[in-house]
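Heads up, the thing below is written out as structure tokens.
Every number for a ligand or one of its atoms is a count from 1 in the order of the listing. Quick note: residue numbers are just sequence positions, from 1. As the structure is a prediction and not an experimental result, all values here were calculated from the model.
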Amino acid sequence: MFPQYRGKLEYVCLGCGGRFGIDELLYTCPTCGQVLLLEDLNRDALRGMGDGAYWRNVFDSRAATRETALRGIFRYYELLAPVLDPEDIVYLGEGHTPVVEGARALQQHLNARFMFKNDGQNPSASFKDRGMACAFSYLRYLVRSKGWDEVLGICASTGDTSAAAAMYGAYVGAPIKTAVLLPRGKVTPQQLSQPLGNGATVMEIPGVFDDCMKVVEYLAEHYRVALLNSKNSWRILGQESYACEVAQWFGWQVEPLCLFVPVGNAGNISAIMSGFLKLHELGVINGLPRLFGVQSSHADPVWRYYSADPASRVYQPVQVRASVAQAAMIGNPVSFPRVKALADRYEAVRPGAFNVVQVEEQAIMDATIQANRHGHIACTQGGECLAGLLRARELGLVGPDELAILDSTAHSLKFSGFQEMYFNDAFPAEFEIHADRTLANRPVEILSDEEKKVLSVQAFTRAAAESVAERLKLHGLH
Ligand SMILES: *Cc1c(COP(=O)(O)O)cnc(C)c1O
Ligand SMILES: [Zn+2]
């Protein structure tokens with residue numbers, strides 16, 4: 001049954017506190033230009049409907065529903081965007097990604113307890129689908145309520161935002177079209193193939209993500225376009241579902257957990273804090289988990305801010321350098337003001353619960369390779385989280401018995417080029433990564449094309465099998 005409850009959502013400016021209705025698509029405050037968050041003014045009514053146990057039961061009972069509108073991220077409908085009608089909701093199988101325990105040998109070897117939440121098992125193979133499902137559902141609602149006959153969705157991307165935007169855009173179809181702006185040569189071939197395959201207009205711009213972001217910001221200020229970056233607060237709402245899922249998976253007992261999240265534009269970590277705060281406010285959870293943002297030393301403005309003394313913290317964008325955590329290679333995160341505001345609220349509930357750690361490129365790549373050799377499907381940002389956990393263990397921030405949940409934000413396949421560079425020890429110098437040659441893994445050539453040509457089918461099969469058996473040192477049966 002689709003819920004009756006409807007919220008009263010407003011944009012709230014994190015700069016001047018201004019409030020604005022949701023019948024316009026706003027990305028920044030019309031008064032002061034700061035970023036926004038969406039707030040439900042009817043939250044008291046939600047609390048009036050039942051206590052924490054009531055809501056836990058509501059969310060748990062939806063786990064079995066076949067109503068697709070409540071099957072993905074909108075299992076937590078009342079907490080996300082409770083203005084949408086079921087017909088608005090786009091469902092492509094996003095959300096409810098598995099939590100997989102770290103391989104035993106790896107946990108032992110690293111002397112750390114962890115599980116990966118494989119957000120790469122979302123439909124476009126990254127967590128961006130969570131936010132995009134919400135942004136497109138809201139766009140559908142706008143199109144329906146305003147009778148628009150043309151909408152252009154547009155985004156800048158380090159790869160995965162454009163993949164998600166193009167996929168949802170193509171699925172929803174007219175009157176929505178999608179265009180994406182990518183930094184030339186700074187997204188992987190797999191990521192580039194996604195928006196191309198989904199038929200979006202793909203444009204490449206020289207520079208890095210931050211350059212592309214400025215261009216789409218200009219476009220959003222001067223033209224009628226729907227900005228699909230996480231500057232769009234509807235994206236943040238959808239990504240809050242990650243926090244809800246973690247809480248639900250652990251039986252709504254999250255205080256003992258340490259969550260590790262890679263930080264790029266800082267939308268995801270903002271959403272995760274906001275999600276846990278909402279659950280806490282509604283009494284669904286009784287405490288907050290500890291949260292660790294992770295940044296590479298090649299793109300670390302948020303770490304720099306938080307590593308300074310609270311009294312002398314100054315936010316400054318950084319010039320990024322080449323990073324294997326390429327999806328998080330951002331020097332001037334759009335959501336930094338959200339992180340600041342939400343981390344303050346988070347720490348007001350649980351002091352010391354928000355941390356940021358910095359890791360080296362070498363550690364990111366080693367962790368990624370190690371994880372996948374143990375049967376995981378960690379992307380380089382997932383490896384960054386594992387490296388972040390090891391760093392936090394080194395710093396004494398996390399004990400050997402504490403359980404860490406590592407956000408593998410995309411599928412390893414999107415970043416296979418970095419694996420190849422590692423196996424060939426062929427990283428360009430700027431990455432500052434050297435391979436552990438004992439980990440290199442390459443295909444073994446069995447017989448040549450020439451041999452295939454001159455041998456009969458039978459003789460070839462036999463020769464190939466004998467060659468394989470020799471390589472593998474197999475023992476004969478007789
Ligand atoms: C976008 C992205 C990130 C960074 O998330 P932000 O919300 O920008 O901080 C990390 N990993 C992957 C795989 C991504 O696509
Ligand atoms: Zn403002």
- Message: Check for me whether S230 has a heavy atom closer than 4.0 Å to any atom of ligand 1.
- Response: no

- Give, rounded to 10 degrees, the angle between SG (C32) and SG (C16) as seen from the Zn ion (ligand 2). 120°

Subset of ligand 1 atoms that lie under 4.0 Å from at least one heavy atom of [X]:
X: A410; answer: 13 (C)
X: D160; answer: 12 (C), 13 (C), 14 (C), 15 (O)
X: G267; answer: 6 (P), 7 (O), 9 (O)

- Query: Would you call the rings of F114 and F116 parallel, tilted or perpendicular if under 30° counts as parallel and over 60° as perpendicular?
  - Reply: perpendicular

- With under 30° as parallel and over 60° as perpendicular, where do the rings of W234 and Y11 fit, or are they tilted in between?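 Taking Y11 first and then W234, their aromatic rings stand perpendicular (interplane angle over 60°).
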
- Query: If you measure every N/O of V263 against every N/O of ligand 1, is any gap under 3.5 Å?
  - Reply: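 In fact, backbone or side chain, V263 has no N or O that close.
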
- Message: Does any N or O of ligand 1 fall below 3.5 Å from an N or O anywhere on N268, backbone included?
- Response: yes

- Task: Indicate, as side chain, backbone, both or neither, the part of A327 found under 4.0 angstrom from ligand 1 when only non-hydrogen atoms are considered.
- Result: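 It is both backbone and side chain that touch ligand 1.
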
- Message: When you measure from the centre of the six-membered ring of F209, is the NZ or CZ of K186 closer than 6.0 Å and no more than 45° off the axis?
- Response: no

- Assess the pair F260 and F292: is the distance between their ring centroids shorter than 6.0 Å?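 Here the rings of F292 and F260 have centres that are less than 6.0 Å from each other.
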
- Message: With a 6.0 Å cut-off on the ring centroids, do Y305 and F336 count as close?
- Response: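 Yes, the ring centres sit under 6.0 Å apart.
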
- Does the pair N122 and E94 meet the rule for a side chain to side chain donor-acceptor pair (under 3.5 Å), with working shown? CA-CA 5 Å; N122 275 298; E94 58 289 316; over 6 Å; no

- Message: Under the side chain to side chain donor-acceptor pair (under 3.5 Å) test against S297, which residue among R304, R321, E360 passes?
- Response: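 Of R304, R321, E360, side chain to side chain donor-acceptor pair (under 3.5 Å) with S297 is met by E360 alone.
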
- Task: Ignoring hydrogens, just give me the one of K414, K128, R235 whose non-hydrogen atom is nearest atom 14 (C) of ligand 1.
- Result: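 Looking at heavy atoms only, the winner is K128.
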
Considering only protein heavy atoms, which is closest to [atom], and at what distance to one decimal place?
atom: atom 8 (O) of ligand 1; answer: N265 N, 2.8 Å
atom: atom 11 (N) of ligand 1; answer: T409 OG1, 2.7 Å
atom: atom 5 (O) of ligand 1; answer: F127 CZ, 3.4 Å

- Message: Could you check whether R290 pairs with E402 (Lys NZ or Arg NE/NH1/NH2 to Asp/Glu carboxylate O, under 4.0 Å)?
- Response: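 Salt bridge: yes.
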
